[in-house]
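One structure is given below, encoded as structure tokens.
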Amino acid sequence: MKIRKNLFYLSGGLYGQLGNVFGVKHKEGIFLVDAGNPESYNTIVENLNYWGIPETSVTHVLLTHGHDDHAGTSRAFQRLGAEIVVGRADAYMLRQGSFGVESPFQNHQMPICEPDVLIEEDTHMMIGGVEIEIYALPGHTDGSLVYQITSDTDKILFTGDMFSCDGEKGDQASVWWKGDMNYSSQKLGESFKRLWGMELSPTVILGGHGNPRIGVEAKSMIMAAYKDYLLNCR
């Protein structure tokens, strides 16, 4: 699905897969934000090819965190030449292909992958002329990242599993799964406080699950998500 001129929805619930995957075209190819579950590779490639984009043109995979439903095809795209970007604290999940032996969720498995770029603090990045602001916002996992990019006239916020937008009118926001051994309500609260204080004005919000929220009122989802945290996740 094409969301904006250079923004594509490539995999996720709409396609019967777990974990949203988005693509952003740039001067040198396309980068992915998240990589879906391991079984979503064919779905991603089919959608890329539908829009005339070869899978070999994926230059980077920007992971919001290391869970298998978001990092599952990282190794496949790395083999095609993509660089894998992840929060340093989540790199162990890619290296082990799981949440770790101490986690009871041993059904969460993915191909082992050595990430190329590790992020541990807020970082500015440029890929093919596209400006990317990376915010280190732990809580869902210790290495959770939120990305904001500027594309044409849009400011697009990729929130991963920090929160997702949903509801009949897309006006509901919820904090996602809390099953990671490193999930921290305290860190998540601090991250929401910081995100709220940034006073960002995204025109598109794309979560790791749920639906896109598009329009000038998209920024209200940050407040809705913060409220959901305060009411249900402290």
Side-chain angles (χ1 to χ4, degrees), residues 9-22 32-44 61-79 82 84-120 135-147 158-166 172-192 206-211 225 228-229 231-234:
Y9 174 44
L10 300 171
S11 186
L14 191 64
Y15 297 102
Q17 299 289 352
L18 182 61
N20 288 338
V21 179
F22 302 101
L32 305 183
V33 180
D34 279 340
N37 66 306
E39 292 75 30
S40 65
Y41 178 76
N42 288 339
T43 300
I44 297 168
V61 178
L62 310 181
L63 299 176
T64 60
H65 58 293
H67 288 166
D68 60 303
D69 56 329
H70 297 266
T73 68
S74 295
R75 179 57 180 155
F77 283 104
Q78 188 181 55
R79 285 176 171 171
I84 310 302
V85 180
V86 70
R88 181 179 292 275
D90 282 8
Y92 76 93
M93 287 186 260
L94 277 70
R95 291 169 177 151
Q96 296 179 167
S98 70
F99 293 172
V101 295
E102 72 280 1
S103 172
F105 296 99
Q106 290 302 304
N107 59 316
H108 289 262
Q109 301 286 328
M110 60 184 166
I112 291 172
C113 173
E114 178 61 39
D116 300 288
V117 180
L118 302 180
I119 305 294
E120 53 187 337
Y135 303 114
L137 295 170
H140 179 71
T141 65
D142 277 343
S144 287
L145 305 174
V146 167
Y147 299 89
F158 299 91
T159 60
D161 280 3
M162 185 176 185
F163 71 90
S164 296
C165 305
D166 219 326
Q172 298 176 24
S174 58
V175 177
W176 205 247
W177 186 67
K178 307 172 187 66
D180 189 276
M181 296 291 284
N182 295 319
Y183 168 81
S184 169
S185 176
Q186 179 180 352
K187 290 179 182 178
L188 185 59
E190 292 168 355
S191 291
F192 265 117
L206 303 172
H209 302 272
N211 299 319
D228 183 66
Y229 162 79
L231 291 170
N232 300 306
C233 303
R234 283 190 291 175

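Residues: numbered from 1 along the sequence shown.
Shown here for Pro115 and Leu118, the closest heavy-atom pair between the two residues is CG-CD2, 3.7 Å. When every heavy atom of Gln78 is checked against every heavy atom of Cys113, the shortest pair comes out as OE1-SG, 3.4 Å. Asp34 approaches Leu63 most closely through the heavy-atom pair OD1-CA, 3.4 Å. Residues Val175 and Asp228 come closest through the heavy atom pair N-OD2, 3.0 Å. Closest approach of Met181 and Pro104 over heavy atoms only: SD-CD, 3.9 Å. Contact detail for Lys178 and Cys233: the closest heavy-atom pair is CE-SG, 3.5 Å.
With contacts defined as side-chain heavy-atom distances shorter than 4.5 Å, the pair Pro38/Pro111 qualifies. Counting only heavy atoms from C-beta outward, the side chains of Arg75 and Met110 never approach each other to under 4.5 Å. Looking at Asp161 and His209, their side chains come closer than 4.5 Å, going by heavy atoms from C-beta outward. Under the 4.5 Å side-chain criterion, counting only non-hydrogen atoms from C-beta, His70 is not in contact with Asp90.
To the nearest 0.5 Å, the span separating CG on Leu206 from CZ on Phe22 amounts to 4.0 Å. Between the CZ atom of Arg95 and the CD1 atom of Ile112 there is a distance of 11.5 Å, given to the nearest 0.5 Å. For the atom pair Glu190 CD and Ser185 OG, the distance stands at 10.0 Å (nearest 0.5 Å). Here the OG-CG distance, from Ser174 to Leu231, works out to 12.5 Å after rounding to the nearest 0.5 Å. For the atom pair CZ (Arg234) and CG (Leu188), the distance works out to 12.0 Å, reported to the nearest 0.5 Å. To the nearest 0.5 Å, atoms CG (Leu62) and CG (Leu145) are separated by 9.0 Å.
Of the N and O atoms on the side chains of Thr141 and Asn182, not one donor lies less than 3.5 Å from an acceptor on the other residue.
Remark: side-chain polar atoms of Asn20 are paired, donor with acceptor, to backbone N or O of Gly207 under 3.5 angstrom. For Tyr41 (side chain) and Gly36 (main-chain N/O), no donor-acceptor pair under 3.5 Å exists by modelled atom type. A donor-acceptor pair is defined here as one N or O able to donate and one able to accept, closer than 3.5 Å; such a pair exists between the side chain of Ser40 and the backbone of Asn37. Under a 3.5 Å cut-off, the side chain of Asn211 and the backbone N or O of Asp166 do not form any donor-acceptor pair. Of the possible polar contacts, none joining the Ser144 side chain to the His65 backbone as a donor-acceptor pair under 3.5 Å is found.
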Val85 vs Tyr147, test: side chain to side chain contact (heavy atoms under 4.5 Å, CB included). Steps then yes/no.
CA-CA 11 Å; Val85 180; Tyr147 299 89; 4.0 Å; yes
Where do Gln17 and Ser11 land on the side chain to side chain donor-acceptor pair (under 3.5 Å) test, with the steps shown first?
CA-CA 6 Å; Gln17 299 289 352; Ser11 186; 5.2 Å; no
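With ring centers used as reference points, Trp177 lies under 6.0 Å from His67. The distance between the ring centers of Phe163 and Tyr229 does not fall below 6.0 angstrom.
Among residues at least two apart or in separate chains, side chain to side chain donor-acceptor pair (under 3.5 Å) pairs with a member in residues 104-113 are Asp68-His108.
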